[in-house]
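Notes to accompany the following structure.
Below, read A as the first sequence line, B as the second, and so on, with proteins coming before strands; counting in each chain starts at 1. Just so it is clear, the structure is predicted and the values come from calculations on it, not from any experiment.
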Number of protein chains: 2
Amino acid sequence: MPRTVDLKEKIKELRSFVRSERRVPTYREMLTLFGYRSTNSVAGLIRKLVEAGFLLRDAGGRLVATDKLTGSVRMLGFVQAGFPSPAEEQEADTLSLDEYMIRRPESTFMLTVNGDSMIDAGIQPGDIVLVEKGEAPRSGQIVVAQVDGDWTLKYYVKDRAGVRLDPANRNYRFIRPRQSLVIGGIVRGVIRRYE
Amino acid sequence: MPRTVDLKEKIKELRSFVRSERRVPTYREMLTLFGYRSTNSVAGLIRKLVEAGFLLRDAGGRLVATDKLTGSVRMLGFVQAGFPSPAEEQEADTLSLDEYMIRRPESTFMLTVNGDSMIDAGIQPGDIVLVEKGEAPRSGQIVVAQVDGDWTLKYYVKDRAGVRLDPANRNYRFIRPRQSLVIGGIVRGVIRRYE
DNA sequence: CTTGATACTGAACAAATGTTCAGTTACCTA
DNA sequence: TAGGTAACTGAACATTTGTTCAGTATCAAG
């Protein structure tokens, strides 16, 4: 068997470049980045990186970085499963939070939550909800809705009497719209930042 | 006063291109994208987009898309403040969840939570915590820690008796490490996806 | 050792790139 | 309605781009 190149180090270098420069380096830039002296060497390496799924070629043949390369966070297991070893860290593919959390960017918005009406659903004041417009809510989903003039965050529930909006807080009662109900959007995700 | 160009429509087109192609279009591509017939027109528009902060030039003079252009979600106000009008939607700048949530990508990991020991802090089973390694925790921060062999998610608290790990659940008691305490990292954020 | 497959070099090439120039067109305001 | 400023056209240019070629170096397996 002939010799094989070690991709890991190259990927690390490439990831670093793509993150800081926000673009795929040119062949000449990869020369110095990877320590080659021929652009043909770069071409060979790129072929491997495409095969491995770190880069891909668009319709025009241009190189595009994938989430596997670009993503911000390394996806790992469960808390109880322990903590990753340095070896595992290097191995783990990265993931983009944007890709993970947002299906339809054109119709998704962030809203800051105030009030504690959804606290038992794990949505606290100050949290940010990702709201997707356009689709009709199903019973049990959390929605941003305008009930009789006031905007609020509640569970959307359909029952025999019609539509009901349930809080996730025992101190509050459910609301049943009297005159108007406008669904602003469905809550697709929640994010919270500490500090 | 001479005429002025309407940037909004162009930005919309450009955002759409950058999102789908994951790169800034070339001048020739912008010709068709913006409906121009001269690359010099494109150059003029690019100058405006750079001034407006949607694009920027790196050290080598290459065009780079900013988060203002690329980001996945539109940042808006509070739930009680109402819902954005279509006009506001067009205006709002976009934001990247990765940039917003993650300071140090190299040392940040995602872990899926199981167990309900932090439920009163709004962290539910199935949620994903963003954990940052490397720094020493301060009292009151949530940490992923190995206490006497078991990995767990708790508040890190320093008191007179030493270090204590507090759950956010009245059904559980705090833990005080007997033999060993390993801090895996500090919880910098929580994300949750519905469906 | 020999064999063979792969990694890599060095040089050349056509195509595509961003920039620049002079000149024309469109529009707002006074 | 006239003037002026910015938007835009059309064409040309030097660089840079990714790709390709033939040939050498390296390494593992038999």
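Counting atom types as modelled, Ser38(B) pairs a side-chain N or O with a base atom of dG10(D) as donor and acceptor under 3.5 Å. The base of dT16(D) has none of its N or O atoms less than 3.5 Å from a complementary donor or acceptor on the side chain of Thr26(A). Contact of Arg28(A) with dG18(D) (side chain to base): a donor-acceptor pair of N or O atoms is detected under 3.5 Å. Side-chain atoms of Thr39(B) and base atoms of dT17(C) include no donor and acceptor less than 3.5 Å apart.
For the pair Lys10(B) and Phe54(B), the cation-pi criterion (under 6.0 Å, within 45° of the ring axis) is not fulfilled. The cationic atom of Arg138(A) (NZ for Lys, CZ for Arg) does not lie both less than 6.0 Å from the six-membered ring centre of Tyr156(A) and within 45° of the ring axis. Cation-pi check for Arg188(B) over Tyr194(A) is not met; the charged atom does not lie both under 6.0 angstrom from the ring centroid and within 45 degrees of its normal.
Between the CE atom of Met30(A) and the C1' atom of dT19(D) there is a distance of 13 Å, rounded to whole Å. Atom CG of Leu45(B) and atom P of dT9(D) are 11 Å apart (whole Å). Atom pair Glu51(B):CD and dA6(D):C1' shows a separation of 13 Å (rounding to whole Å applied). Rounded to whole angstrom, the span from the CG atom of Asp6(B) across to the P atom of dA7(D) amounts to 12 Å.
For dT6(C), neither phosphate oxygen OP1 nor OP2 lies less than 4.0 angstrom from any side-chain nitrogen or oxygen of Lys48(A). Residue Tyr36(A) has a polar side-chain atom (N or O) positioned under 4.0 Å from OP1 or OP2 of dC8(C). OP1 or OP2 of dT9(D) has at least one side-chain nitrogen or oxygen of Ser41(B) nearer than 4.0 Å. A close approach under 4.0 Å does not occur between any side-chain nitrogen or oxygen of Arg47(B) and OP1 or OP2 of dG18(C). Phosphate contact (OP1/OP2 of dT17(D), side-chain N/O of Arg62(B), threshold under 4.0 Å): present.
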Working for side-chain contact (heavy atoms from CB on, under 4.5 Å), residues Ile175(B) and Asp148(B): CA-CA 10 Å; Ile175(B) 310 174; Asp148(B) 298 328; 5.5 Å; no

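When each of dT9(C), dG18(C), dT9(D) is scored by its nearest atom to the side-chain atoms of Arg37(B), the top-ranked nucleotide is dT9(D).
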